[in-house]
Each structure stands twice: as structure tokens, then as C-alpha cells.
K.L.:
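Take this structure, written in C-alpha cells, and hold onto it; I'll ask about it next.
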Amino acid sequence: MKLKELVGKLNVLEVKGDMGRDICGVQIDSRQVTEGNLFMAVRGTVADGHNYIGKAVEKGAVAVLCEEMPAEQSAAVTYVRVENVEQVVGQVATTFYGDPTSKLKLVGVTGTNGKTTIATVLYEMFRYMGHKAGLLSTVCNYVDGEAIPTEHTTPDPITLNALLAKMVEAGCEYAFMEVSSHSIVQNRIGGLTFVGGLFTNITRDHLDYHKTFENYIKAKKLFFDNLPANAFAITNADDRNGMVMVQNTKAQVKTYSVQSPADFKAKIVECHFEGMYLNINGKEVGVQFIGKFNVSNLLAVYGAAVMLGKDEQEVLVALSAMKPVNGRFEALRSPSGYTAIVDYAHTPDALENVLNAIHGVLDGKGEVITVCGAGGNRDKGKRPLMAREAVKQSNRVIITSDNPRFEEPQDIIDDMLAGLDEEQMKKVIAIVDRRQAIKTACMMAKSGDVILIAGKGHEDYQDVKGVKHHFDDKEEVRACF
């Protein structure tokens, strides 16, 4: 593609060099640059791309998009200056990859909890209905049936557009995508066209990045503010910020709720550890999911499928065939009669939801032992809240290591314990070694009890001092069984 076509829609402030150059790739990471590429110098949160322009040119970049013209320039390179590179990267990537979202129906899911379940179940459901579909999620990206490992909830704009273009090439009609608050603020989804957006809920998370809860809410809301008029916006009416999210959207607004009147409404008829019977918009359906929070998730799925033109009856039949997502409220039954639940819950709200779901099934007929920790180098403010939430709804709590990253595990545990008073501490023991913590919980459990192992879910590693060591909560539980 010619450089002038690639940057044609941008507000270009200055050009030095030939705009007729052929561009065979676009990059924001100088290490990935190859011969004939356009390098876009983004001022990131960790590094400034302007410092790597020279390196990109050495590696073969024939064009540079920047906010400041470099002091040293090469005659063999074209330099294009714009006001804010980060804001236009998505647009450039979309143009280079042939605007993939104009050729498939892209639905975005945002919120603190539930994104992975909703996006994954939608992907599975549409494939079950006979469509080719793609998925962009925290657990794994899929191009129809092909798995492509993922590093972030939402990839960078170039990876994102390359994946979407691959989906178009594979004949996908639909794509379902988790949209993180970081990606909204950093314009990673710039240039993409969404046919629909879903809001799950918003509770304290990522304050290490957003600094305040208000900033976090604004980041999520921006996604709905930018939806086009021909799109749909489905929001959770049970969340206190549910209607705030859609107050300025041009999209068609629909609501879902398990508590109050809404376009998509459900109530639990029966609940077991194997699944639930639900009444959705007046029709009964059996599902293989557990807990009120999952009723909300399935309602969002149901609503999105209906808004995408699917028959309600067909959607309910498909819902009954869907299975829980890897590491999201996965129940494992022990030979000695207790149940272990492995769940990704890593925020106070998610922990509360999962424990509520467990109590909803137990109905006072067994004890709950919770094993949980908190991630290192992340929002420290939620650590005491996590401990308090665990203690509030458990008979015993074992505080342990999660992904300590570059912090000392004991320091993270101490931050969690600092949230508890003397009375609460009577229920708690701290075991730094996660394997020992899980073993201890299994030794404590009696027939009819439930162990919740929270925080890591689908992850099969522990991140310690920059190294990912193999560790899988489900493997550990099965070894104890």
C-alpha cells in the first residue's frame, strides 16, 4: 500500500520525503520492524517510541509517523508528523489491513467482571449455530477453530487488526471481543467498527493505572459514547452505573436484569452444582452454569444474540448446550464427597459473587473454605478488601500467594491481613506456598463442604520475579484428590 493512501485520512501536520513509497507492514515496536515498514512512534506509558526511530530506520523502516521530527533524518525515509500518534495508530492499522470490521459483525464486551464468559459463550454459541466466528479474549484468541495464544485482554491495534483480517480471510461472519479499559483509553480499538457493545458491571479494579474510580468509569463509558447510531448497546440495569454507561450513546439501548423490569429478564428456578434452571423472558431453560452472576452473563449473551437477529427459541436451545469457560466457576468433585471450585475471581466484587453462588447451592448444608491471594505490582488498595470479603462468607480462609510478580509474597499477604480485625483473624491462616495452601484446604474439607480456590482460574503459571513457573490450580486439586 502507498504511504499516501495509508495516512490519507489523518490530519497530517508536516511531511519530509516521498509520500509515494510502498509500505509492506506497520509497526509500533522497533524490534518488529522489517524492510519496507512504516514505524509509528507512540509515546507509551513505559517507553517513548521517538527514542527508537533510529533503530527502526536501521532495521529497514522506509517511513516514520511521529509527533516530533527527529534531529537526524535519512534521505531514504519519509517522515510524517501528526499531533498524537497513539490516537491514530488504530486508524492506520485498520486501513493497512483493509478495514476488516466492515466485513464482519464485531461485538465488544466491557466491564470489570464477566467479559471472558460473555465473549466466549457468544463465540461458542454462534459456532454451535453453524456460523464461522472469531474470539478475542483474556484466555485465548480464536480464528474460527484455530487457537492463537494471547498476552493481553485486548491486543495492540496492529495485532488486533491482523487477527480481524485473518478472521475475514477465514470466512468469519462474527467476532466477539473483550474490551479492556486500558485499550479504550490507549485507542487500541481506534478505527474498528462495532455493531454492538455490552456492559457487564463496574467495581474497583485497575486503579494502579486509572488512579481514580471516576477515571475508570469514564474509560468504560467512552466505548459506548463512540458506538455508531446503527449499533446496539446492552447494559446491566442491576449495576448502579449501568445506565450511566449508555446515557450519551447514539446506539440503540437495551437492558438486562435479574432484579428489575428490563428488555431481557431472568430468574433462577432451581440451582445445583451441576447447573441451574432459569426463566428467561417467560421461557424455562436448563443451563450448565451456576450462580446469580452467571445468570447476568447469560442474559447478556441472550440479549446480544437476539439483537444480532437470532430467533429467541433457537438462542435458548443453544444456551442449554453451552459449557462454563475454562477457570470460571469450574466445579471438581472429590472422591471423599467435597467439592472444589476453581475460579478466576481476583477482585472483591468477583469474590463476593462466587461465594454468594456457592452459598446459594449449599443452602447452609456444608462449610466453605476459601483459598485466595492478590497479585503483585497491581492495585494494593483492593488487598484488604479481598481478605475481608473472603472472611465474611467463609468458615475458614487460607491467604496465600497469587502472582507475586516483583513483590515479596509475604508483603502482599501482610497487606491483605491488615484489613482484618482480631475476631476475623481467628478464621484465617496464611500459607505462602500456594501448593501447600491448596493441600491444606483439601485436608480440612469434609464430605459436603466446598473449597473455593480463587484468583488464577485458567492460568497455568505463577509469575515470580519475571519468570512464569508452571502452576495450575486444577492440577493441584486433582493431585490432592
Side-chain angles (χ1 to χ4, degrees), residues 86-88 90-91 94 99-102 104-119 121-122 136-137 153-154 157 160 164 174-203 205-206 210 212-266 281 296-310 315:
E86 187 180 75
Q87 276 181 3
V88 299
Q91 237 174 306
T94 294
D99 193 5
T101 52
S102 67
L104 47 72
K105 290 177 176 161
L106 176 66
V107 175
V109 187
T110 196
T112 307
N113 304 312
K115 296 188 294 294
T116 302
T117 294
I118 293 167
V121 174
L122 275 165
L136 294 148
S137 92
T153 299
T154 315
L160 194 48
L164 288 162
Y174 299 91
F176 303 101
M177 172 182 174
E178 289 185 52
V179 179
S180 69
S181 53
H182 294 64
S183 73
I184 300 165
V185 172
Q186 293 167 7
N187 283 289
R188 280 188 238 158
I189 55 170
L192 302 184
T193 306
F194 290 87
V195 299
L198 305 175
F199 172 70
T200 63
N201 51 50
I202 193 158
T203 59
D205 202 12
H206 302 305
H210 295 290
T212 67
F213 191 52
E214 287 67 36
N215 288 346
Y216 183 40
I217 290 172
K218 277 182 199 159
K220 297 285 189 195
K221 184 177 175 294
L222 194 57
F223 172 64
F224 294 96
D225 291 353
N226 291 332
L227 285 177
N230 59 354
F232 60 81
I234 303 178
T235 191
N236 183 358
D238 296 334
D239 187 274
R240 69 173 74 170
N241 288 294
M243 297 318 290
V244 171
M245 287 294 144
V246 294
Q247 66 189 16
N248 300 111
T249 190
K250 296 182 280 295
Q252 183 187 0
V253 175
K254 295 284 180 183
T255 56
Y256 66 93
S257 169
V258 292
Q259 288 167 0
S260 46
D263 297 301
F264 308 110
K265 182 135 179 49
N281 279 14
S296 285
N297 291 337
L298 295 178
L299 266 180
V301 168
Y302 174 82
V306 169
M307 292 306 289
L308 286 167
K310 290 296 170 192
V315 175

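Numbering starts at 1 and runs along the sequence shown.
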K.L.:
Specify the closest pair of heavy atoms between Ala175 and Leu104, including all atoms of both residues, with the distance to one decimal.
P.N.:
CB-CD1, 3.9 Å
K.L.:
Out of the candidates Val301, Val306, Thr255, only one should pair with Phe264 under the side-chain contact (heavy atoms from CB on, under 4.5 Å) rule; please name it.
P.N.:
Val306
K.L.:
Within this structure, what is the CZ-CG distance for the pair Phe194 and Asn226, rounded to the nearest 0.5 Å?
P.N.:
10.0 Å
K.L.:
Do other residues, nucleotides or ligands put more than 12 heavy atoms under 6.0 Å from Lys310 NZ?
P.N.:
yes
K.L.:
What closest approach, in Å, do Ala300 and Ile118 show between heavy atoms, and which atom pair accounts for it?
P.N.:
CB-CD1, 3.7 Å
K.L.:
Distance from Arg188 atom CZ to Glu86 atom CD, nearest 0.5 Å?
P.N.:
9.0 Å
K.L.:
For residues Met243 and Thr235, report the shortest heavy-atom separation together with the two atoms involved.
P.N.:
SD-CG2, 3.8 Å
K.L.:
Taking Thr116's backbone N and O only, do any of them form a donor-acceptor pair with Ser137's side chain (distance below 3.5 Å, no angle check)?
P.N.:
no
K.L.:
Mind checking whether Ile184 and Val179 have side chains closer than 4.5 Å, heavy atoms only?
P.N.:
yes
K.L.:
Carefully, step by step, assess Thr110 and Phe224 under the rule side-chain contact (heavy atoms from CB on, under 4.5 Å).
P.N.:
CA-CA 10 Å; Thr110 196; Phe224 294 96; 3.5 Å; yes
K.L.:
Evaluate the side-chain proximity of Leu122 to Tyr174: yes if any heavy-atom separation is below 4.5 Å, no if none is.
P.N.:
no
K.L.:
Report the distance from atom CD of Glu178 to atom OG of Ser183, rounding to the nearest 0.5 Å.
P.N.:
10.0 Å
K.L.:
In chain order, what residues pass the salt bridge (Lys or Arg N to Asp or Glu O under 4.0 Å) check against Lys105, with sequence neighbours excluded?
P.N.:
none
K.L.:
So Leu164 and Met177, do their side chains get closer than 4.5 Å, heavy atoms only?
P.N.:
no
K.L.:
Heavy atoms, side chains only, cut-off 4.5 Å: are Ile217 and Met245 in contact?
P.N.:
yes
K.L.:
Can you tell which of Asp238, Asp263, Asp239, Asn236 makes a side chain to side chain donor-acceptor pair (under 3.5 Å) with Ser257?
P.N.:
Asp238
K.L.:
For the ring pair Tyr256 and Tyr302, is the centre-to-centre distance below 6.0 Å?
P.N.:
no
K.L.:
For the residue pair Leu106 and Thr193, what are the closest heavy atoms and their distance?
P.N.:
CB-O, 3.7 Å
K.L.:
How close do Gln252 and Met307 get, heavy atom to heavy atom, and via which atoms?
P.N.:
OE1-CE, 3.6 Å
K.L.:
Nearest heavy-atom pair of Ala219 and Val185: which atoms, and what distance?
P.N.:
CB-CG2, 3.5 Å
K.L.:
Find out whether Leu308 and Val107 are in side-chain contact, i.e. whether some heavy atom of one side chain is under 4.5 Å from a heavy atom of the other.
P.N.:
yes
K.L.:
Would you confirm whether Thr200, through its side chain, and Asn113, through its main-chain N or O, come within 3.5 Å as a donor-acceptor pair?
P.N.:
yes
K.L.:
Excluding sequence neighbours, so at least two apart, what forms side chain to side chain contact (heavy atoms under 4.5 Å, CB included) with Ala251?
P.N.:
Leu227, Ala231, Ala233, Thr249
K.L.:
With Asp225, which residues qualify under salt bridge (Lys or Arg N to Asp or Glu O under 4.0 Å), at least two apart?
P.N.:
Lys221
K.L.:
Measure from the side-chain N and O atoms of Lys220 to the backbone N and O of Gly111, and report whether any donor-acceptor pair falls under 3.5 Å.
P.N.:
yes
K.L.:
To the closest 0.5 Å, what do you measure between NZ (Lys115) and CG (Leu198)?
P.N.:
12.0 Å
K.L.:
Begin with the C-alpha distance, continue with both residues' side-chain angles, and end with the deciding distance and a verdict on side-chain contact (heavy atoms from CB on, under 4.5 Å) for Thr94 and Leu192.
P.N.:
CA-CA 7 Å; Thr94 294; Leu192 302 184; 4.0 Å; yes
